[in-house]
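Below: the structure, in C-alpha cells.
Residue numbering restarts at 1 for every chain, and letters A, B, ... go by the order of the sequence lines. Small disclaimer: the values here were computed from a predicted structure and weren't measured.
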There are 2 protein chains.
Amino acid sequence: MIKISKLTDYAVVVLTQLSRDHGVHTVAHLAESSGIPAPTVAKLLKPLTAAGLVASHRGTNGGYALNREPERISVAAIITALEGPIAVTECVSDADSLCGVESLCPMRGNWEKINRAVRAALEDVTLADMAAPSPWPLPPATAQATARTETRTGESRG
Amino acid sequence: MIKISKLTDYAVVVLTQLSRDHGVHTVAHLAESSGIPAPTVAKLLKPLTAAGLVASHRGTNGGYALNREPERISVAAIITALEGPIAVTECVSDADSLCGVESLCPMRGNWEKINRAVRAALEDVTLADMAAPSPWPLPPATAQATARTETRTGESRG
DNA sequence: ATAATACCGTACTAAATTAGTACTGTTTAG
DNA sequence: CTAAACAGTACTAATTTAGTACGGTATTAT
C-alpha cells in the first residue's frame with residue numbers, strides 16, 4: 001500500500017516527544033510515555049543515532065536527546081535513517097538487485113522521476129511540522145486528489 | 001522501504017505492453033512477452049479491469065485491451081487499483097483501523113499533508129510517460145536529493 | 001574500586017504480508 | 001457442442017517485518 005514501516009512510524013512519535021522536551025530521556029521513559037514497547041524504542045533509536053539525528057549518553061543519568069533542532073530534521077531524513085534511501089521501486093534502490101523482469105528496466109528513468117517527486121515531498125516536512133498541532137480535517141489545498149479521497153471522508157477516527 | 005508491491009510493478013509492465021499495441025492480448029501472450037508468470041498476470045489484470053483501466057473480452061479470440069489512452073492513465077490510478085488508496089501511513093487509509101499508539105494520532109493531519117504530496121507526484125506521471133524511452137541517468141532537476149543519493153551512483157545495472 | 005545505570009550489539013522467534021499456484025466455473029465463437 | 005479465454009476462490013510458500021531475549025560495554029556515583 002506504498003506505506004512506511006511501523007517502526008518508522010514509531011520513530012516519528014518518539015522523535016516528536018524528544019522535540020517537545022529537549023532534555024535527555026531514557027529508553028524506558030520514552031517507552032512509557034509513548035506506549036511503544038521498550039525494546040522496540042531501543043531498536044529504532046539505534047539507526048537514528050547512527051544517522052546523527054539523536055545523540056546517546058551512556059551511564060547513569062544517560063539517555064537520548066535530539067542532536068539537532070526539530071526544524072532541521074526532515075521526515076525524509078527519518079525514513080532514510082531507518083529504511084535506507086527512499087525509492088518506490090527496488091530497481092533503483094540498490095545496484096546489486098536485478099529486476100528479474102528485463103522489460104521493466106527500460107523505464108527505470110521514469111521511476112526515478114517518481115522517486116524524486118516523492119523524496120521532495122518528504123524533504124519538505126520537518127519534525128517541527130509533525131510536532132505542531134495539526135488542523136483536521138485539512139483544508140483542501142491543491143485539489144488534485146483522486147475521486148477516491150471523498151469516499152472515506154467524514155468518519156475520521158484513526 | 002516505502003515501496004510499491006511487486007504486483008504493481010508488474011502491472012505497469014503489462015500495461016506498458018498493452019499501450020504499445022492497442023489490440024486485444026491474451027493473458028498467455030502478455031505473460032510470454034513480459035516474462036511474468038501467467039497466473040500472476042491474470043491476477044493483476046483483474047483489479048485493473050475492475051478499475052476500468054483495461055477491458056476484458058471473453059470467449060475465443062478474447063483477451064485484454066487498454067480501455068483508455070495511455071496519456072489518461074496515471075501511475076496513481078494503477079497503484080490505487082491494485083493497492084487501494086495511496087497513503088504513507090495506515091492511520092489515514094481506513095477509518096476502522098485504530099493506530100494502536102494513541103500519541104501518534106494528533107499528527108494525522110501532518111501525515112495527510114505528506115500523503116497528498118506523494119499522491120500528487122504519482123498523479124503527475126502517466127502510462128504514456130512510462131512507456132516512453134527514458135534518459136538514464138536522469139538530468140539533475142531540482143537537486144533536493146539527499147546526500148545518500150550519490151553513494152550508489154555510477155554502477156547502474158538494475 | 002565497586003556497583004548501579006543505561007546504551008550497544010547480535011541472535012532468535014513469531015506474526016503479517018505478499019507472491020505464486022491450482023482448480024472450478026462462466027462466457028463467447030465456431 | 002466444443003474449445004478458447006476470462007472469472008473467482010482457495011490454498012501454499014516465501015519474504016518481510018515486528019517483537020523478544022540476552023550478554024557486553026561505557027559512564028557515573030558512592
A:Thr26 side chain near C:dC7 phosphate (N/O to OP1/OP2, under 4.0 Å): no
Rounding to an integer number of Å, can you tell me how far [X] [atom1] sits from [N] [atom2]?
X: B:Ile79; N: C:dT18; atom1: CD1; atom2: P; answer: 14 Å
X: B:Leu7; N: C:dT17; atom1: CG; atom2: P; answer: 16 Å
X: A:Lys6; N: D:dT17; atom1: NZ; atom2: P; answer: 13 Å
X: A:Ile36; N: D:dA18; atom1: CD1; atom2: P; answer: 12 Å
X: B:Leu44; N: C:dT21; atom1: CG; atom2: P; answer: 13 Å
X: A:Ile4; N: C:dT17; atom1: CD1; atom2: C1'; answer: 17 Å
X: B:His57; N: C:dA29; atom1: NE2; atom2: P; answer: 11 Å
X: A:Leu82; N: D:dT16; atom1: CG; atom2: P; answer: 18 Å

Answer whether the closest heavy-atom distance between the side chains of B:Arg72 and B:Thr126 falls below 4.5 Å.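 The answer is no; the side chains never approach within 4.5 Å.
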Do B:Trp111 and A:Ile4 come close enough that some side-chain heavy atom pair is under 4.5 Å?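 Yes - at least one pair of side-chain heavy atoms lies under 4.5 Å apart.
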Output a table of nitrogen or oxygen pairs between the protein and nucleotides 7-9 of chain D separated by less than 3.5 Å.
from: D:dA7; atom 1: OP1; to: B:Ser56; atom 2: OG; distance (Å): 2.9
from: D:dA7; atom 1: OP2; to: B:Tyr64; atom 2: OH; distance (Å): 2.4
from: D:dA7; atom 1: O4'; to: B:Arg58; atom 2: NH1; distance (Å): 2.9
from: D:dG8; atom 1: N7; to: B:Lys46; atom 2: NZ; distance (Å): 3.0

Side-chain donor or acceptor of A:Gln17 paired with backbone N/O of A:Ser33 under 3.5 Å: yes
Given that A:Lys43 and A:Gly62 both sit by DNA chain C, which one's nearest nucleotide is further toward the 5' end? A:Gly62
Hey, does B:Pro37 reach any base, or is it just sugar-phosphate, or nothing, if we go heavy atoms under 4.0 Å? sugar-phosphate
When you check the gap from the basic side-chain N to the acidic O, do A:Arg119 and A:Glu112 get nearer than 4.0 Å? yes
Would you say B:Ser5 and B:Thr8 are linked by a side-chain donor-acceptor pair, where the criterion is simply a distance under 3.5 Å?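 Side chains of B:Thr8 and B:Ser5: pair found under 3.5 Å.
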